[in-house]
Amino acid sequence: MENIDYARVFEEIADLLEIQGANPFRVRAYRNAARTVETLSQPLESLLKGEEQRLEELPGIGKDLAGKLRELFQTGELEFLNELRQQVPASLVQIMQIPGLGPKRARQVWDALDITSVDELEQAARSGALEQLPGFGSTMQARVLKGIEELKARAGRFKLSDADIYVQPLLAYLRQAEGLVDLEVAGSYRRRCETVGDIDILATTSNGSSVMDHFVAYREAREILAKGPTKSSIRLKAGLQVDLRLVPQESYGAAMHYFTGSKAHNIAIRGIGRERGLKINEYGVFSGDRLICGETEEEVFGAVDLPWISPELREARGEIEAARVKRLPKIIELEDIRGDLQMHTTYSDGRNTAEEMVQACRERGYKYMAITDHGPALRMAGLKPSDFRRQFAEIDELQERLDDIRILKSAEVDILEDGSLDLSDGLLAEMDVVVIAVHSKFNLSRAEMTKRISKAMQHPQVNILAHPTGRLINRREPYPVDVEELVKVAQNEAVMLELNAQPDRLDLRDFHLQMAREAGVKIVINTDAHRTAELDYMHYGVDQARRGWLEEADVANTYSLAKFLELMQK
DNA sequence: GCCGTTTTCGGCCCGACTGTTTTCAGTCG
Ligand SMILES: Nc1nc2c(ncn2[C@H]2C[C@H](O)[C@@H](COP(=O)(O)OP(=O)(O)OP(=O)(O)O)O2)c(=O)[nH]1
Ligand SMILES: [Mg+2]
Ligand SMILES: [Mg+2]
Ligand SMILES: [Zn+2]
């Protein structure tokens, strides 16, 4: 019964209801609720256990959906979903994953051809039965077959850092087009989401531009998905989709707001506009047919009496309410960072020596750093106690020659299966800061894993829990663990939680960070660099921290060395 | 299905691109 995916259940209900032809607003309610429970900064389970009506206080969760969440929590099942699956084949929702096929056409192939799965649909398309259906032509049939192939290849979402590989060359190419004024990346990339489904680019022009023709002629494009005067999409050879939107220069602000999203944020802002008799779209803010403003984002927010909101916060997770009462957080910036507390050297699995890492940290203006090579439990990469002592002596020597940075002796100590550590208390006592993390034995139950990590955190010499959930984006699920409980332990034991800035970790997640902030637990943003260049991953960590509403004071490595050392006192 | 000091009923964001639609539905952003 542990680990019910509440969001998935609501998503499935939304899909099935939509195929059934239910009221679109009812469908949207389920989709919104799925989003809400997925990204909750208060843990859903503690709300579910509570006696009171706390669940109903969540935006978009009323009596009915709260009841369904409770039923799921208590029984592990949902009668309503089971009944729905009797009425609509559950495998039909897969058909909606194919580009160009939505609820109406899923319904149509089910009704007309008794198709209930992607495989059956593929057969119908191959046999030519599909193009006989009203509304389906040969073009559509071919598109479906292609869509099914792509679905099998499964490009999926791209890590933000992978998207970065393609963004700069593409922008450089687009800038060659005639008639361009602005060119900016919007969408989830601008909101600095940990993964992006595509790249959304906004261009503006004063007198018309040839940018659309130029765009679809990009040599890295594999396919043109759509092409119109204001909006075109291509798929890159790498599989990544790119959407380009072109609007008049005077619509820059409104278009940027629209194209940055998120969708839920847009709907909320437009709803507020509507209450005030305003129409907000990507071209501007309108009163009737009269354009009121739209040149800048500030104007758009201003039209609904809100201050400008950072893109990272635009997720309809309370930022609008916070902005309304002037309580938006002043979120952290890269320049606030004064140190990096996890990195590796050639002593373990790093590529650069301690001296090189120190030099690289000084170049980045850091005032302190910790060298955290692995303990002996990592057999290939780990250090024996004697290696650590050798390294500490080397650090002493390096430190003697430097007065602009403090090198903290440390280690990334492994949390063993029973919650004990792979280095002795004696050795830990020789360190300035102790970082702990799980690196093996992931297949414990949630309760066991939580107990294991909690025990390690209770060790009196431990300061930082690194990459607390162990997930690797697109490669490895987090091990099962109760992050809410870890936050509580961190609070009681004065342990800090790491936000690991490696772009495939970004661990903790944004909503975990919000949870920690609300509990007053300090976060440390570390790059876990395995070479000097990886120290620059810090900005990914800061981006994630911004999405988690963290302010400078919430992040321990924004403090001066003295203050940071003070924070570690138990 | 949710929501509300203008409402407990009647609203719910708004627009672009595609295809076979003869005047616009479906899908997607
Ligand atoms: N008003 C409005 N805006 C939308 C809607 N769908 C998308 N947008 C806007 C907000 C999105 O951030 C932006 C880009 O759309 P995308 O589908 O690419 O979404 P986004 O980039 O947020 O996430 P992604 O990582 O691409 O899945 O377009 C919508 O239904 N209504
Ligand atoms: Mg996008
Ligand atoms: Mg897009
Ligand atoms: Zn590690």
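Order of the sequence lines fixes the chain letters, A, B, ..., with proteins taken first and strands second; residue numbering starts at 1 for each chain. Below, all heavy atoms of this structure are taken into account, side chains as well, without hydrogens, waters or symmetry copies.
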- Message: If you take any heavy atom closer than 4.0 Å to DNA chain B, which residues from residues 102-110 of chain A end up in contact?
- Response: A:G102, A:P103, A:K104, A:R105
- Item | Polar contact flag, side-chain donor to acceptor under 3.5 angstrom, A:E77-A:N82 | yes
- Message: Whether A:T230 contacts B:dC17 is assessed here as follows: a side-chain N or O lying under 4.0 Å from the phosphate OP1 or OP2. Is that the case?
- Response: yes
- Message: Any side-chain N or O of A:R143 below 4.0 angstrom from OP1/OP2 of B:dT18?
- Response: no
- Message: Once you apply a heavy-atom cut-off of 4.0 Å, does A:P99 come out as touching a base, just sugar-phosphate, or nothing?
- Response: sugar-phosphate
- Do A:E315 and A:H265 get their side chains close enough for a donor-acceptor pair, meaning under 3.5 Å? no
- Message: Between A:D504 and A:Y537, do the side chains contain a donor N or O and an acceptor N or O under 3.5 Å apart?
- Response: no
- Message: Nearest whole Å is fine: how far is B:dT27 P from A:R31 CZ?
- Response: 12 Å
- Task: Compare side-chain N and O positions of A:Y283 against OP1 and OP2 of B:dA16 and report whether any pair is under 4.0 Å apart.
- Result: yes
- Task: Identify whether the distance between the nearest side-chain nitrogen and carboxylate oxygen of A:D543 and A:R547 falls below 4.0 Å.
- Result: no
- Could you please name the option among B:dG19, B:dG1, B:dC14 that lies closest to any side-chain atom of A:N281? B:dC14
- Task: Choose from B:dG15, B:dG1, B:dC13 the nucleotide whose nearest atom is closest to any side-chain atom of A:I267.
- Result: B:dC13
- Query: Are side-chain N/O atoms of A:R190 and A:T260 paired as donor and acceptor at under 3.5 Å?
  - Reply: yes
Nucleotide N/O to protein N/O under 3.5 Å, stretch nucleotides 4-11 of chain B:
none

- Message: Just N and O in the side chain of A:R270: are any of them under 4.0 Å from OP1 or OP2 of B:dC13?
- Response: no
- Nearest to the side chain of A:K231, which nucleotide is it out of B:dG19, B:dC13, B:dC28? B:dC28
- Mate of B:dT8 across any strand shown (Watson-Crick or G-U wobble, both atom pairs under 3.5 Å) is none
- Query: Would you call A:E122 and A:K152 a salt bridge, taking side-chain N to carboxylate O under 4.0 Å as the test?
  - Reply: yes
